[in-house]
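Input: a single structure, listed below in structure tokens.
Here is how names work: the chains are called A, B, and so on, in the same order as the sequence lines, proteins then strands, and each is numbered from 1.
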Amino acid sequence: MAVEPPLVRIRGLTKRYGRRGARGGTAEVEALAGVDLAIARGAIVALVGLSGSGKSTLARCLARLEEPSGGEISFEGADLLALRGRALRGVREKIQLVFQDAAAALDPRLRAAEIVSEPLEVLGRGGRVERRRRALELMESVGLPAAWGDRRPLDLSGGQRQRLAIARALAVQPRLLILDEAFTGLDASIQAQIAGLLVELRARHGLTYLCISHDLALVSVLADEVAILFEGRIVEEGPAARIFADARHPHTRALVGAVAALPALSASPPAP
Amino acid sequence: MAWLARRALHGLFLLLAVSILSFALVELAPGDFFAEMRLDPRVSEATLRALRARHGLDRPLPERYLRWVASLARGELGYSFAYGSPVAPLLWPRARNTLLLTATATAVAWALAIPIGTWWATLRGRAARHLLGGLFALLLALPDIVLALALLLLAVRTGWFPAGGMVSLGHEQLSWSGRVQDVVRHLALPAAALVLAVLPVLVRHVRASMAAVLDAPFVRAARGHGLSETRVLLSHALPAAANPLISLFGLSLAGLLSMSLLVEVVMSWPGLGPLLLEAILARDFYLVLGLVLASTFLLVAGNLLADALLLAADPRIRTGAR
Amino acid sequence: MALGLAVLATVHLAALGASFLAPYAPGRQNRTLPYASPTRVHVVDGAGHVHLRPFVHALSEAPGPGGAYEEDRSRAFPVRFLVRDDPEPRAPEGRLHLFGVEEPARIFLLGTDGFGRDQLSRLLHGAQISLFAGLLATVLSLATGWLLGTLAGFYGRWLDGIVMRAAEVFLALPWLYLLFAVRAVLPLHVSAGQAFLMLVLVIGLVDWARPARLVRGVVLSARERNYVLAARGFGASDLYLIRRHIAPQTFGLLLTQAALLVPQYILAEVTLSFLGLGVSEPVPSWGNMLAALQRYNVLASYWWMWAPGLALVPVFLAYFSLSEALHARVGPASP
């Protein structure tokens, strides 16, 4: 079996925040305490953890929206954290982040086509007509009719907004798509639709996904690999099926135990 | 309590900052008190230089600031060239008069605003509400100058009130109660001008706060328990509306002091305002400086008072809960 | 709201068209007719005939018993429209006026002041100073406040700290005292043009702190929105983020603030000129026109001299109704 280097390799990533204490002192919060994670090209990796485990922090460090306190991240073999200026801008297109709560992630004053074409505008790709054409194309590819190009985000449903956010992320043809709690707050049927869309897009565009969620059941359907994040560290990782069948870390067991039903897997019932 | 002490310290820092900036501002001024004298051909250059040197105006900036701070520490606040005396003794009586005027006006304005605003909030008929709204809008739109002048006209035409000043001739000869009466008669019109100027704003805010509170569930519950409307108002609604109203009190102080400047000048009330105008026209900068500081002090003190009231009214601040 | 805008538009257009609308130049004195009451315009003559064109009578040169000027009924002077002045060096064809009457009659629709100057003409010309000083000062104040508030809110940390501490210091003084203090250090005697500029600059720059705080608040919350973060993820520059996403959120706030500030600044100009610290004679401003009322005899006897003060009322009412309407449309603007 040919061993291909992973698309992303994270080693020993740490992130500390200073937080104002109640009496005016400064307490340090360690959001990430040495994370090691590898994401293979074309894989769907799920990062699961409870709120406060550091998931979003990791997502932002990976997308270079925040600077980690320590550790290294390599992307396509190169040191991601060392990039600045033009090189950094070049890499930004390759890693895109889709947020939870698309209503907050989309500027309510802009129209759908403008939102989707914004990355192109920022990067200066193509004239206005060209950008709009591409935006409508992208909307179609995520299942939104091009006729909705002039609608405002608040006129769309939650699921439709999430599709719009995905369309926007795809505008710059990224390699890695980080989905930060992208399914949370949507109906189960909508979640399934979005999941299906993502699988289809992966096949069509050769994408790699990092799905971040607190809901193990949710991402288990989608993911190849699952990594469990607990108090700033990865405590267990492996193929999704193995995690469910044979959870090793007590925290993983707790999460698995909370899962009611696993429609897509035919593995034996979870250990009590 | 520690919170209040911190606010007081903060106020002190603000005063210091204002003093430094004002001093810098005054130093930027082209010319000084003696520049006007230069125009007088009888005064020679040598005399001017000697005068300057005597008052230390030819020293470098930091030294002048330090000398001024030293005089501050001595309680003098610099020297007024026009009056030929340290600034501080000129300020105290004026500051006291301004305080008298603004405190009276504030008390009367709030004493009127709360009942009127509450009554307005409870009004049912749309016509009545619109009428009141229109009336107060008109009052708000009337410029303070016009208000003050109109009241002055009232004084001149009817003679019911004196048309300026704080005391009449022969004030010292009056008995204690006579003197109080005399001041009150002089105070009436300037205070009325201030009250009328600030009332529309206060009434509207009281109405808005009370309307919001009267609609709240806990008030409706109180009514449902059979409490009389007055009881509901006094024991439940007013205390709940206290917080935003006290904040309003704090915020309205700056405006009130500004308005008092104008009213004092127009109606000849011997407060900080008229002295400031004189000082400006005479280019007496240290006096200007002192007056500005005095007004800042009044504002900072007023805000501290508002903070103390807030502390007393809102238990959440006392326990430090957020 | 429409009514408010209509009133404001009318008033400002009238101010701009002062030279045309006013029957006389504002500085033109009639030393023989000080404190004349407003000219009575008649349509019915002594014999009871109705004239289609209104007319006036000339005034006697000296006040009769009771202090008022008497009309000389012997001759009627019809009111003419679109009248031209005599040519003068700066206006070779003579200035055009909306209406006027032939010499020696005068048409003083709002009476005259102590120098016999037509108050209506001065009111119209004075409007140019008072209304536009307030408007320009507002633009300046909002621009400065917006810039500092946006920079403070967007970049945060030490820049925010400095700007906010500075704002606190500026707000520690009662506004009018601060205005006076700054005015104090500037030269006392300046030309009218310089005075106007000075007023606009001082009033506008001194009050930056209140708009700045409000703008900063909006910018702070806008900055944290996920769509700003997402745009940053595409590599958007700070300038782009401000221009595209953050600034538009501040526009509603700026409009509401403008409607509140303009009346305040007009009043500031009027106050300063009234006290002799603003625009001074002979250039008319509503402020220095009101200064005449500081003398008791003028205050009590000559009601037409109150015109500049009363003219402010509809202007302020219009601005207030505008701010109410904007407030309802856009959302709260004041803390």
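The choice from C:Leu178, C:Leu267, C:Ile266 that makes the most heavy-atom pairs within less than 4.5 Å of chain B is C:Leu267. Of the listed residues B:Val266, B:Leu152, B:Leu291, the one with more heavy-atom pairs under 4.5 angstrom with chain C than any other is B:Leu152. When the candidates B:Val300, B:Leu140, B:Leu256, B:Leu138 are compared by the number of heavy-atom contacts under 4.5 Å with chain C, B:Leu140 comes out ahead. Annotation: maximal heavy-atom pairing with chain B below 4.5 Å, among C:Phe180, C:Tyr296, C:Phe170, occurs at C:Phe180. Contacts with chain C were tallied for B:Val156, B:Leu14, B:Val265, B:Asn303; B:Leu14 has the most, counting heavy-atom pairs under 4.5 Å. Between chain C and the residues B:Leu257, B:Val288, B:Leu293, B:Leu149, the most heavy-atom pairs under 4.5 angstrom are made by B:Leu149. By number of non-hydrogen pairs under 4.5 angstrom with chain C, the leading residue of B:Gly11, B:Ser22, B:Ser258 is B:Ser258.
Within a 6.0 Å radius of CZ in B:Arg129, other residues, nucleotides and ligands contribute more than 12 heavy atoms. Shown here is B:Phe297, whose CZ atom has no more than 12 heavy atoms of other residues, nucleotides or ligands within 6.0 Å.
Distance check, rounded to the nearest 0.5 Å: CG of C:Leu275 to CG of B:Leu262 gives 6.5 Å. Considering CG of C:Leu312 and CG of B:Leu142, their distance stands at 9.5 Å, rounded to 0.5 Å.
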Q: Start with the C-alpha distance between B:Asp144 and C:Thr271, add both sets of side-chain angles, then the distance that settles side chain to side chain contact (heavy atoms under 4.5 Å, CB included), and finish with yes or no.
A: CA-CA 9 Å; B:Asp144 319 341; C:Thr271 307; over 6 Å; no
Q: Before giving the answer on side chain to side chain contact (heavy atoms under 4.5 Å, CB included), spell out for C:Leu277 and B:Leu281 the whole-Å C-alpha distance, their side-chain angles and the decisive distance to 0.1 Å.
A: CA-CA 8 Å; C:Leu277 296 174; B:Leu281 292 172; 4.1 Å; yes
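Put simply, the side chain of C:Tyr177 reaches to within 4.5 Å of the side chain of B:Leu272, judged on heavy atoms. A 4.5 Å side-chain heavy-atom check between C:Val313 and B:Pro143 finds at least one atom pair inside the cut-off. Side chains of C:Trp306 and B:Val146 form a contact here, defined as non-hydrogen atoms less than 4.5 Å apart. The shortest side-chain heavy-atom distance between C:Leu173 and B:Leu299 does not fall under the 4.5 Å cut-off.
Interface residue C:Leu293: backbone and side-chain heavy atoms are both found under 4.5 Å from chain B. Within the 4.5 angstrom heavy-atom criterion, no atom of B:Leu289 approaches chain C. Residue contact with chain C, scored on non-hydrogen atoms closer than 4.5 Å, is absent for B:Leu253. Contact of B:Ala150 with chain C is made through backbone and side chain together, with heavy-atom distances under 4.5 Å. The parts of B:Val292 that come within reach of chain C are both its backbone and its side chain, each placing non-hydrogen atoms under 4.5 angstrom from that chain. Contacts of B:Leu276 with chain C are made by side-chain atoms alone, with heavy-atom separations under 4.5 Å and no backbone atom involved. Looking at B:Leu153, the atoms closer than 4.5 Å to chain C (heavy atoms on both sides) sit in the backbone and in the side chain alike. In this structure, no portion of B:Leu15 lies under 4.5 Å from any heavy atom of chain C. Interface residue C:Val270: backbone and side-chain heavy atoms are both found under 4.5 Å from chain B.
In plain terms, the two heavy atoms of C:Val169 and B:Ala17 that are nearest each other are CG2-CB, 3.7 Å.
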